[in-house]
Amino acid sequence: MRLGVPRPHPLVSRTSLALDLPAAAAVEADVLDVAGRVVRRLMRGVPFGAGRHDIVWDGHSESGGTVPDGVYLVRVRSGAVGATQRVVVLRSHD
């Protein structure tokens with residue numbers, strides 16, 4: 001499993017991370033804050049075929065509100081294999 005860097009980065013309204021899977025697998029993906037708390041569950045046991053897939057986060061929390069500016073982690077797992085990428089949220093301030 002390989003998880004690409006987020007694009008665009010920093011996140012303003014949404015970001016996408018490329019996930020490369022060598023074989024078909026069920027995938028879980030979460031967004032965590034720097035303290036390790038789950039901010040948003042992006043997917044739970046979603047079956048993917050082998051190849052490249054996009055994981056998208058719109059910058060919202062589990063409750064639907066926008067998350068504050070800061071550093072977050074996107075953690076992707078499939079069985080015992082996992083990968084994590086850092087995402088910076090930086091929205092324009094008026």
Side-chain angles (χ1 to χ4, degrees):
M1 170 192 303
R2 183 182 166 286
L3 184 61
V5 296
R7 301 215 188 277
H9 196 244
L11 178 152
V12 174
S13 62
R14 66 179 260 165
T15 194
S16 177
L17 297 92
L19 172 65
D20 291 314
L21 293 174
V27 174
E28 298 181 359
D30 296 310
V31 178
L32 311 171
D33 64 15
V34 292
R37 296 177 295 240
V38 175
V39 172
R40 174 92 181 264
R41 296 191 187 282
L42 299 175
M43 58 185 63
R44 241 334 133 248
V46 175
F48 283 117
R52 178 165 284 188
H53 307 277
D54 287 326
I55 295 183
V56 177
W57 180 40
D58 62 5
H60 288 87
S61 67
E62 195 68 20
S63 64
T66 56
V67 299
D69 289 358
V71 176
Y72 296 85
L73 303 171
V74 175
R75 178 181 65 195
V76 179
R77 292 181 293 189
S78 177
V81 178
T84 303
Q85 282 287 353
R86 183 177 67 122
V87 175
V88 175
V89 174
L90 184 62
R91 296 184 172 90
S92 61
H93 295 279
D94 297 332

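What you see below is based on every heavy atom in this structure, not just the backbone, and it leaves out hydrogens, waters and symmetry mates.
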Checklist entry - Does the side chain of I55 reach to within under 4.5 Å of the side chain of F48, using non-hydrogen atoms? => result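 Side chain of I55 against side chain of F48, heavy atoms only: no contact under 4.5 Å found.
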
Next on the checklist: With heavy-atom distances below 4.5 Å as the criterion, would you say the side chains of L21 and H53 are in contact?
Outcome noted: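 Side-chain contact under 4.5 Å: yes.
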
What are the two closest heavy atoms between [X] and [Y], and how far apart are they?
X	Y	answer
V12	L90	CG2-O, 3.5 Å
S16	V56	OG-CG2, 4.0 Å
Y72	D33	CD2-CA, 4.0 Å
R86	H9	O-NE2, 3.6 Å

Can you hop from [X] to [Y] via hydrophobic side chains spaced under 4.5 Å?
X	Y	answer
V46	L42	yes
V34	V88	yes
M43	L17	yes

Item to check | Main-chain N/O of V67 paired to R91 side chain as donor or acceptor, under 3.5 Å | outcome: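 Judged by distance alone, yes, a pair lies under 3.5 Å.
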
Checklist entry - Within the distance-only criterion (no hydrogens, no angle test), does the side chain of T15 pair as donor or acceptor with the backbone N or O of P8 below 3.5 angstrom? => result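 Judged by distance alone, yes, a pair lies under 3.5 Å.
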
Checklist entry - At what distance, to the nearest 0.5 angstrom, does CG of L19 lie from CD of Q85? => result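 One gets 11.0 Å once the value is rounded to the nearest 0.5 Å.
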
Item to check | Distance (rounded to the nearest 0.5 Å) between R37 CZ and S61 OG | outcome: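 Reported value, rounded in 0.5 Å steps: 12.5 Å.
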
Next on the checklist: Checking V5 against R7 for the side-chain contact (heavy atoms from CB on, under 4.5 Å) test, could you report, in this order, the C-alpha distance in whole Å, the side-chain angles of both residues, the deciding distance, and whether it holds?
Outcome noted: CA-CA 7 Å; V5 296; R7 301 215 188 277; 3.6 Å; yes

Checklist entry - Which ILVMFWY residues are connected to L73, directly or by a chain of links, through side-chain heavy atoms under 4.5 Å apart? => result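 Members besides L73, by chain and number: L32, V38.
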
Checklist entry - Hey, is R14 close enough to D58 for a salt bridge, meaning N to O under 4.0 Å? => result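 The answer is no: the pair does not qualify as a salt bridge.
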
Indicate every side-chain donor-acceptor pair of residues 74-82 with a distance under 3.5 Å to a residue at least two apart or in another chain.
{"residue": "R75", "atom": "NH2", "partner": "D30", "partner atom": "OD2", "Å": "3.4"}
{"residue": "R77", "atom": "NH2", "partner": "E28", "partner atom": "OE1", "Å": "3.4"}
{"residue": "S78", "atom": "OG", "partner": "A26", "partner atom": "O", "Å": "3.1"}

